[in-house]
> 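Can you read through this structure? Questions will come right after.
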Amino acid sequence: MSADGLVAVTGPTGNVGAEVVRQLQAAGARVRTLSRSPAEASALLGDGPEHVRFVFGDAATYPEALDGVEALFLMRPPQIADVARRIHPAIDAAGAAGVRRIAFLSLQGVERNPLVPHHRIERHLRAAGVPTTFLRPSFFMQNLSTTHREEIRLEDAIVVPAGRGRTSFVDARDVAEVAAKVLLEPGHEGRAYELTGREAPTYAEVADLLSEVLGRPVTYADPTPWAFWRDRRSRGTPMAFVLVMLGLYTVARLGLAGRTSPDLERLLGRPPTSLRAFVHDHAEAWRA
Ligand SMILES: NC(=O)c1ccc[n+]([C@@H]2O[C@H](COP(=O)([O-])OP(=O)(O)OC[C@H]3O[C@@H](n4cnc5c(N)ncnc54)[C@H](OP(=O)(O)O)[C@@H]3O)[C@@H](O)[C@H]2O)c1
């Protein structure tokens, strides 16, 4: 990475991307956000970074967005399933534009799960030949303060079908800090990092923690997968997203989401943010 090399960030208005932009700026990097709505990116992140319109699946937006970019933070928007048509051509365009390094926001366990889209994207990235670092986070703590916020806030309940399975929650801000580091520092190309918290609580333990910090009882509802489906649909969650959630919570229910890794601590030189610290930081999100 040259001293004034340009770093571009996809998904800059999302959980991880917004924090990647902030971290890169704090490190003094030149940053360009690639958003469907540059105006929204500017409202959220200010005008320190440059904001350029970019739409996965609209190749006409690629040349201007990728021009002069040295390093790229690549994420797959959760709503994009057809990655061969909408993500892979963007990767090819990045290679053709001379991008020298990519950090890809993937998923824990992706190497063992060919069914998830991130698996195909990783394979495409390897074949595309741009040196890439694979970031494979576990479940984001932010799901509790976004997707599950209203049920906790208004119904004092966590409604997820994860049984007694453990989850090695990670703070998306920690993931972003790692992303900024591997984009700016040499030596991470070709590597894959599994990014998790240190602990892996059950959802019953998460509910206890929320009760303690918020000072009111929060329970873990533990619905069956079918009851979860009906509940989410009645809340208006799109069918495709409910299916993805069911897949993720079934992985947890089967006891396969609790694996912890030392990678994050090794890379950042400090322990990962604990769920307790996260809940304290975001307590206002769940105040009734
Ligand atoms: N949630 C978890 O627990 C978890 C755990 C591990 C991995 N992951 C992975 O992390 C990724 C999600 O990251 P996130 O939570 O930071 O995302 P997010 O908060 O859901 O944000 C999605 C971003 O995608 C952008 N976007 C949507 N459609 C687009 C399009 N057609 N073209 C260009 N940009 C588009 C949006 O930006 P604009 O609106 O500004 O365009 C937005 O910033 C997913 O791949 C997910 O599988 C999630």
Side-chain angles (χ1 to χ4, degrees), residues 9-11 14-17 20 34 54-57 59 62 71-95 99 101-140 142-143 147 161-162 165-170 172 174-176 178-179 182-183 188-197 200 225 238-264 267:
V9 178
T10 60
N15 286 314
V16 182
V20 174
L34 306 186
F54 171 86
V55 183
F56 282 111
Y62 299 166
L72 174 69
F73 173 74
L74 176 71
M75 55 81 66
R76 167 216 154 236
Q79 55 273 58
I80 294 186
D82 184 358
V83 297
R85 201 170 56 82
R86 297 178 68 189
I87 307 280
H88 296 177
I91 293 169
D92 299 340
V99 171
R101 176 182 302 170
I102 293 178
F104 173 55
L105 180 62
S106 190
L107 193 64
Q108 186 184 29
V110 71
E111 67 283 11
R112 300 182 297 277
N113 185 355
L115 296 178
V116 292
H118 309 72
H119 185 93
R120 278 170 274 144
I121 298 173
E122 285 203 5
R123 206 172 46 206
H124 191 84
L125 280 161
R126 277 194 207 90
V130 183
T132 299
T133 309
F134 299 111
L135 307 177
R136 296 175 177 163
S138 57
F139 210 69
F140 296 160
Q142 276 72 6
N143 296 327
T147 312
R166 296 190 170 276
T167 298
S168 56
F169 292 94
V170 68
D174 289 351
V175 176
V178 171
V182 307
L183 285 164
H188 301 285
E189 298 86 349
R191 293 176 185 266
Y193 298 126
E194 191 175 1
L195 305 175
T196 75
M239 200 181 292
F241 190 44
V242 183
L243 280 173
V244 170
M245 289 165 91
L246 265 175
L248 291 168
Y249 291 120
T250 301
V251 169
R253 197 179 186 89
L254 295 173
L256 302 172
R259 190 173 132 126
T260 58
S261 154
D263 286 357
L264 199 149
L267 285 156

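Since we're looking at a predicted model, the values are computed, not measured.
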> On the 0 to 90° scale, with breaks at 30° and 60°, tag the H124-H88 ring pair as parallel, tilted or perpendicular.
parallel
> With distance as the sole test, does H188 use its side chain to make a donor-acceptor pair with the main-chain N or O of T133 at under 3.5 Å?
no
> Does any part of the side chain of L105, heavy atoms only, come nearer than 4.5 Å to the side chain of V175, both counted from C-beta?
yes
> With side chains defined as the heavy atoms from C-beta onward, is the minimum distance between F139 and T196 less than 4.5 Å?
no
> Enter the distance from T147:OG1 to F241:CZ here, rounded to the nearest 0.5 Å.
4.5 Å
> Could you measure the distance from the OG atom of S138 to the CZ atom of R259? Nearest 0.5 Å is fine.
11.0 Å
> Would you indicate whether the side-chain heavy atoms of I91 and F104 approach each other to under 4.5 Å?
no
> Can you find a pair of side-chain heavy atoms, one from P137 and one from D174, that are under 4.5 Å apart?
no
> Using a 3.5 Å distance criterion without hydrogens, assess whether the side chain of R101 forms a donor-acceptor pair with backbone atoms of A71.
no
> Please confirm whether the ring centroid of F54 lies under 6.0 Å from the ring centroid of Y62.
yes
> For P161 and R253, work out which heavy atoms get closest and say how close.
O-NH1, 3.0 Å
> Is there a side-chain contact between L264 and V178 in this structure, where contact means two heavy atoms from C-beta onward sitting under 4.5 Å apart?
yes
> Go through the steps to decide whether L183 and L72 satisfy the test side chain to side chain contact (heavy atoms under 4.5 Å, CB included), and finish with yes or no.
CA-CA 7 Å; L183 285 164; L72 174 69; 5.7 Å; no
> Nearest 0.5 Å please: distance from the CG atom of D263 over to the CZ atom of R191.
10.0 Å
> Could you tell me the separation between the CD1 atom of I121 and the OG atom of S106, rounded to the nearest 0.5 Å?
7.5 Å
> Could you grab the distance from atom CD1 of I80 to atom CE of M75, nearest 0.5 Å is fine?
8.5 Å
> Kindly give the heavy-atom pair with the smallest separation between P89 and A84, and that separation in Å.
CD-O, 3.3 Å
> Can you tell me how far OG1 of T132 sits from CZ of R126, rounded to the nearest 0.5 angstrom?
9.0 Å
> Looking at H118, R136, E194, which hits side chain to side chain donor-acceptor pair (under 3.5 Å) with Q108?
E194
> Taking C-beta and beyond as the side chain, do L74 and F56 meet within less than 4.5 Å on heavy atoms?
yes
> Checking N143 side chain against F140 main chain: does a donor-acceptor pair fall under 3.5 Å?
yes
> In sequence, state the C-alpha distance, the side-chain angles, and the governing distance for V110 and N113, and then conclude on side chain to side chain contact (heavy atoms under 4.5 Å, CB included).
CA-CA 5 Å; V110 71; N113 185 355; 5.9 Å; no
> Looking at side-chain heavy atoms only, is the closest gap between I102 and V99 below 4.5 Å?
yes
> Is E122 salt-bridged to R76, going by a charged N under 4.0 Å from an acidic O?
no
